[in-house]
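Count residues from 1 along the sequence.
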Amino acid sequence: MTEHRNVFPDFLGIGAQKCGTTWLYFNLSHHPELWLPKWKEIHFFDRLERRRPGWMDALLPRVGRKIRRRLATNIRKDLSKKDWHELRRDLSFYLGKRDLEWYGRIFEPCSGLVCGEITPAYSALDRRTVEDIALLSPDLKILYLIRNPIERTWSSKLKPESKSDHLDIGTMRSFAEKSFIRRRDDYVRTLDIWSSCFESSNIFIGFLEDIRFHREAFLSSIFEFLGVEGDISIPRTGRKNVRSGDTMSLDVARFLAELHLELITELARRLGGPARGWLEIAQWLLNDATGDRVPYPLWDTPAGTAFRSKVPSRLTSRPLSRFDDEGTDQRE
């Protein structure tokens with residue numbers, strides 16, 4: 001990478017996918033001291049790994065259909081408003097050469113505000129790419145949202161347009177074994193890579209449980225981490241991009257619990273908090289659960305509710321520097 005002379009973001013949301021990043025994007029966008037681009041996912045660094053220009057993405061059948069649809073929508077809006085500046089920005093964003101100059105131009109309108117972007121695919125970046133990012137911006141702040149890996153894999157397969165949540169084990173196994181899914185599920189790999197390139201105090205770990213049960217406190221902790229006013233009244237949008245339901249197949253849940261057991265065990269050791277609950281849920285699925293279906297989200301299972309009842313109800317999301325090797329909060 002060559003030296004970058006344009007604006008570089010102050011923070012990156014690196015995922016994980018299906019862990020509340022859309023909800024976070026819309027809430028951060030309402031803060032008067034924060035600036036995020038109108039395109040929620042920039043996909044600069046992950047596509048840079050593939051060395052693929054923007055116009056090629058627009059031509060690819062699977063990716064291109066979505067890009068062309070979004071471009072057409074934005075062009076119609078720009079033309080209706082006769083906003084030629086935004087029209088040029090949209091054309092450059094979707095079709096321009098994706099280099100550091102292109103990336104820097106995205107953040108030019110931030111006008112001195114704390115700026116950033118959220119692209120969940122960044123959690124799967126190679127170490128070399130993350131090292132390059134650290135060279136460009138060593139003080140960059142990282143937001144990493146996570147949830148029970150069993151749920152993340154399940155939710156990732158059940159796209160919003162899915163007509164059924166009755167998936168068989170064969171279908172789920174084929175999906176879970178895809179390399180990009182394994183990378184996005186592997187929170188330990190992501191933590192190891194990013195913490196080797198950035199100070200742990202610059203990496204914020206957010207649990208989906210805190211978005212569900214401690215929403216106001218969670219946002220305040222994010223604002224404090226980013227260095228902006230935390231005690232501020234902003235619209236608390238409920239918008240999220242996580243498919244909801246009330247049950248999931250026990251057979252598939254048990255398969256995913258076995259698949260992720262080693263990962264969950266390590267996360268419980270490192271992070272504690274909800275991750276310990278994930279471990280108890282996984283063990284319940286493998287040893288004690290009965291019937292054809294189990295409650296979803298999994299924090300509503302008997303093991304999930306039992307775990308919540310025996311631990312203090314408080315915010316557990318925080319910078320990585322506040323976790324020790326045993327998964328306890330160093331503030332205690």
Side-chain angles (χ1 to χ4, degrees), residues 6-44 66 70-71 73-74 76-78 80-81 83 85-87 89-90 93-94 103-123 137 139-147 155 160 202-244 297 314-319:
N6 289 343
V7 180
F8 199 80
D10 300 295
F11 67 90
L12 288 183
I14 65 170
Q17 183 194 44
K18 299 297 182 181
C19 294
T21 56
T22 299
W23 175 88
L24 181 63
Y25 168 82
F26 281 97
N27 278 281
L28 295 186
S29 297
H30 282 100
H31 196 292
E33 298 177 43
L34 296 174
W35 186 92
L36 289 87
K38 68 177 182 179
W39 314 281
K40 183 233 171 181
E41 298 186 18
I42 304 300
H43 285 288
F44 176 61
K66 184 181 294 185
R70 290 174 178 172
L71 175 59
T73 298
N74 285 334
R76 285 195 295 270
K77 290 180 179 178
D78 297 337
S80 67
K81 297 177 181 178
D83 192 333
H85 176 71
E86 280 302 303
L87 177 61
R89 280 175 54 79
D90 281 319
F93 177 77
Y94 287 104
Y103 190 61
R105 285 195 298 271
I106 290 174
F107 301 98
E108 286 177 349
C110 71
S111 301
L113 299 175
V114 176
C115 64
E117 61 123 334
I118 299 175
T119 301
Y122 291 167
S123 65
S137 184
D139 296 324
L140 186 69
K141 293 187 176 181
I142 311 300
L143 301 174
Y144 188 37
L145 307 187
I146 58 177
R147 71 189 295 187
S155 181
N202 276 25
I203 302 174
F204 187 95
I205 307 300
F207 293 98
L208 188 64
E209 284 83 351
D210 284 334
I211 295 178
R212 168 62 179 84
F213 298 108
H214 308 286
R215 189 167 298 183
E216 298 290 324
F218 177 85
L219 278 178
S220 294
S221 67
I222 291 283
F223 296 151
E224 179 183 359
F225 175 72
L226 296 178
V228 298
E229 179 63 42
D231 186 16
I232 190 169
S233 177
I234 64 172
R236 309 298 197 186
T237 177
R239 181 170 180 175
K240 58 180 187 276
N241 189 25
V242 178
R243 187 182 189 276
S244 61
R314 61 179 177 82
L315 188 75
T316 51
S317 300
R318 54 191 183 269

* Asked: When rounded to the nearest 0.5 angstrom, what distance separates CZ in R318 from CD1 in I203?
  -> 14.5 Å
* Asked: Is it the case that K40 and T21 place a side-chain donor and acceptor less than 3.5 Å from each other?
  -> yes
* Asked: Which heavy atom in S123 sits nearest to a heavy atom in Y144, and how many Å separate them?
  -> CB-CE1, 3.8 Å
* Any donor and acceptor pair, going by atom type alone, linking the side chain of T119 with main-chain N or O of I42 inside 3.5 Å? -> yes
* Asked: Are the aromatic rings of Y103 and F8 close, with centres under 6.0 Å apart?
  -> yes
* To do: Go through E41 and Y25 one step at a time and tell me if the side-chain contact (heavy atoms from CB on, under 4.5 Å) criterion holds.
  => CA-CA 10 Å; E41 298 186 18; Y25 168 82; over 6 Å; no
* Run the side-chain contact (heavy atoms from CB on, under 4.5 Å) check on F207 and L315 step by step: do they pass? -> CA-CA 9 Å; F207 293 98; L315 188 75; over 6 Å; no
* Please report the closest heavy-atom contact between L208 and R147, naming both atoms and the distance. => CD2-NE, 3.4 Å
* **Distance (rounded to the nearest 0.5 Å) between I14 CD1 and I118 CD1** => 11.5 Å
* **CA sep, side-chain torsions, deciding dist, call: L36, E117, side-chain contact (heavy atoms from CB on, under 4.5 Å)** => CA-CA 6 Å; L36 289 87; E117 61 123 334; 6.0 Å; no
* Asked: Hey, does the side chain of D10 reach the backbone of G116 with a donor-acceptor pair shorter than 3.5 angstrom?
  -> no
* pair W35-S111: side-chain heavy atoms closer than 4.5 Å -> no
* Structure fact -> CG (L226) and CD (E33) are apart, to the nearest 0.5 Å, by 10.5 Å
* Asked: Minimum heavy-atom separation for L140 to N202, with atom names?
  -> O-ND2, 3.3 Å
* Taking the side chain from H31 and the backbone from G230, do they hold a donor-acceptor pair closer than 3.5 Å? -> no
* **Option passing side chain to side chain contact (heavy atoms under 4.5 Å, CB included) with F11 (candidates V114, I222, I142)** => V114
* To do: Tell me, please, whether F204 has K141 positioned over its six-membered ring: NZ or CZ under 6.0 Å from the ring centre and within 45 degrees of its axis?
  => no
* Asked: What do the steps show when you test L219 against W23 for side-chain contact (heavy atoms from CB on, under 4.5 Å), and what is the final call?
  -> CA-CA 11 Å; L219 278 178; W23 175 88; 3.7 Å; yes
* What's the shortest heavy-atom distance between G206 and S317, and which atoms? -> CA-OG, 3.3 Å
